[in-house]
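Note that this is a predicted model, so its numbers are computed, not measured. All chains are named by letter (A, B, ...) in the order of the sequence lines, taking the proteins before the strands, and each is independently numbered beginning at 1.
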Amino acid sequence: MPKTEADSARIAALRTRLLNWYARNRRDLPWRQSAAPYAIWVSEIMLQQTRVAVVIERYQAFMARFPTLLSLALAPEQDVLALWSGLGYYRRARMLHKAAQFVAENLGGNLPTSAGQLRTLPGIGVYTAAAIASIAHGEPVAVVDGNVERVLCRFAGWSASSGKSGGAAALRRKIENLAAKLLAPSRPGDFNQAMMELGALVCTPRNPLCADCPFAAECKTRGEHKTPRRAKMTSRAVAYALVVRMKPAASRRHSICGVRQVLLEQRSEYQSVMPGLWELPQLRSAEVPPTDLRMTLRHAIMQVNYYARIRDVAENELASLTASGGKRRWVSLTEASGMALTSLARKALTRAHLLTPPLPDPPPKL
DNA sequence: GACGCGTGGGC
DNA sequence: TGCCCAAGCGT
């Protein structure tokens with residue numbers, strides 16, 4: 001089918017409608033206030049498989065602590081993980097850190113500008129390379145993330161099982177081709193963000209707001225979209241030791257009581273899940289006598305619901321109740337709150353009133 | 001190409 | 001309240 005002038009005009013109209021919609025509806029997100037490639041990079045890594053609402057607070061804290069690529073490159077990995085604590089997918093933080101060090105040492109501290117070169121850095125895949133290159137440098141390359149995929153599949157009437165010509169890979173190519181065709185070559189960064197914003201705000205997975213969609217008139221499906229079923233959750237019981245002691249004051253003269261400390265254990269650097277993060281020492285048995293049971297809490301990790309029991313343990317019981325485990329440290333509660341804790345550990349310490357929550361509770365809803 | 005990797009929020 | 005995620009990447 002030859003490309004006609006009518007096609008070109010139709011595409012131009014779609015671009016204009018999308019960009020106008022974006023100008024009116026774009027959210028004022030922290031990373032949209034900076035044009036620095038480093039800032040865009042950090043935001044894109046944090047946003048991988050993570051909700052915007054969660055990222056907002058964490059992004060600002062991270063940028064306050066590591067305002068430049070060099071400051072990130074020079075920081076100890078534990079500091080980077082501490083700022084990532086609670087965000088999940090901790091490999092992202094390690095790869096971001098590694099990439100920053102590589103850029104600082106080998107590229108004079110300058111992040112590559114083209115998508116092709118960005119792609120070679122750890123943690124930067126096809127999507128992230130295109131996002132940074134288009135948003136920070138205006139390279140005319142289209143992004144395809146989950147939002148864009150959903151928007152374009154609905155728009156074109158494609159479903160995962162559609163067409164005899166191939167499976168997921170063929171569909172993926174069709175989506176990439178369509179995204180590239182629609183891309184506004186003069187404003188690739190705005191266009192890409194507009195497509196993703198449309199997916200996030202209007203063309204949502206469930207209950208899309210087609211009445212507000214700039215593409216509605218040309219959309220094949222008006223919101224129809226099938227997604228594959230997820231695997232079922234499984235459950236598992238675990239138990240952890242809450243061991244608290246009073247560290248004697250350094251000088252009796254200056255302090256009557258000492259500092260309260262808690263025992264933490266570091267997960268191995270080689271574990272696949274949450275390597276290098278700190279948690280409460282795990283107990284050999286998930287069974288806890290009621291008298292020692294401090295609390296129970298549920299914590300979902302991937303497809304597993306962990307029913308965790310937190311047991312009050314005295315120092316002299318520790319050896320018999322816990323496996324030898326990894327590196328352990330007594331830390332003050334103040335220090336613990338700033339460490340790379342797993343979310344389960346932070347949740348347990350917070351609920352035991354040993355830590356204060358990172359942010360005050362929001363005001364109650366009316 | 002399929003799988004492993006986390007989490008808090010929304011419905 | 002239990003389920004479903006959300007701006008992917010590396011292996």
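A distance of about 23 Å separates the P atoms of B:dG8 and C:dC9, rounded to the whole Å. C:dT1 and C:dC5 are spaced 16 Å apart, taking the C1' atom of each and rounding to whole Å.
Here the P atom of nucleotide B:dG8 and the CG atom of A:L341 are 12 Å apart, to the nearest Å. In this structure, CD of A:Q49 is placed 9 Å from C1' of C:dC5, rounded to the nearest angstrom. The distance from atom CG of A:L47 to atom C1' of C:dG8 is 11 Å, rounded to the nearest whole Å. Going from atom CD of A:Q48 over to atom P of B:dG6 covers 13 Å, rounded to whole Å. Residue A:I45 contributes atom CD1, which lies 15 Å from atom C1' of B:dC5 at whole-angstrom precision. At whole-Å resolution of the value, CG in A:L297 and C1' in B:dT7 are 14 Å apart. Atom CD1 in A:I56 sits about 16 Å away from atom P in C:dA6, given to the nearest Å. A:R172 places its CZ atom 15 Å from the C1' atom of B:dA2, with the value rounded to the nearest Å.
Taking the side chain as every heavy atom from C-beta outward, A:Y89 and A:Q49 approach each other to under 4.5 Å. Taking the side chain as every heavy atom from C-beta outward, A:Q261 and A:V331 never approach each other to under 4.5 Å. Looking at heavy atoms from C-beta onward, A:V54 lies out of side-chain contact with A:Y59 at the 4.5 angstrom threshold.
A:S43 comes within 4.0 angstrom of nothing in the nucleic acid, heavy atoms only. Within the nucleic acid shown, A:R27 comes within 4.0 Å of at least one base atom, counting heavy atoms only. Among the atoms of the strands shown, only primed sugar atoms or phosphate atoms (P, OP1, OP2) are found under 4.0 Å from some heavy atom of A:M274. Heavy atoms of A:S272 sit under 4.0 angstrom from primed sugar atoms or phosphate atoms, though from no base atom. If you check every strand for non-hydrogen atoms under 4.0 Å, A:V126 touches sugar and phosphate atoms only.
Listed nucleotides B:dG1, C:dA6, B:dG8 differ in distance to A:A169; the shortest reach to its side chain belongs to B:dG1. The side chain of A:V54 sits closest to B:dG8 out of C:dG8, B:dG8, B:dT7. For A:T128, the listed nucleotide lying nearest its side chain is C:dC9; candidates were B:dG6, C:dC9, B:dT7. Of the listed nucleotides (B:dG1, C:dC9, B:dG9), B:dG9 has the atom at the smallest distance from the side chain of A:R51.
Checked by distance alone, A:T50 brings a side-chain donor or acceptor within 3.5 Å of a matching partner on the base of B:dG6.
Distance check, rounded to the nearest 0.5 Å: CZ of A:R65 to CG of A:L72 gives 9.0 Å. Atom CZ in A:R346 sits 7.5 Å away from atom OG in A:S343 (nearest 0.5 Å).
Side-chain contact, A:R328 with A:Q266: no donor N or O sits under 3.5 Å from an acceptor N or O.
Within residues 193-207 of chain A, the residues having any heavy atom under 4.0 Å from DNA chain C are, by residue number, A:M196, A:E197, A:P205. Residues of residues 84-102 of chain A having a heavy atom closer than 4.0 Å to DNA chain B, listed by number: A:G86, A:L87, A:G88, A:Y89, A:Y90, A:R91.
Salt bridge A:R10/A:E5: absent, no basic N to carboxylate O contact under 4.0 Å. The pair A:R26-A:E197 does not meet the salt-bridge criterion, since no charged nitrogen lies less than 4.0 angstrom from a carboxylate oxygen.
Looking at which nucleotide of DNA chain C each of A:I124 and A:D145 is closest to, the 5′-most match is held by A:D145.
The number of heavy-atom neighbours closer than 6.0 Å to CG of A:N207, taken from other residues, nucleotides and ligands shown, is 12 or below.
Between A:S343 and the phosphate of B:dG6, there is no side-chain N or O to OP1/OP2 separation shorter than 4.0 Å.
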**OP:** In sequence, state the C-alpha distance, the side-chain angles, and the governing distance for A:E265 and A:R329, and then conclude on salt bridge (Lys or Arg N to Asp or Glu O under 4.0 Å).
**Re:** CA-CA 6 Å; A:E265 183 170 312; A:R329 270 185 63 194; over 6 Å; no

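Between the side chain of A:S34 and the backbone N or O of A:W31 there is no donor-acceptor pair closer than 3.5 Å.
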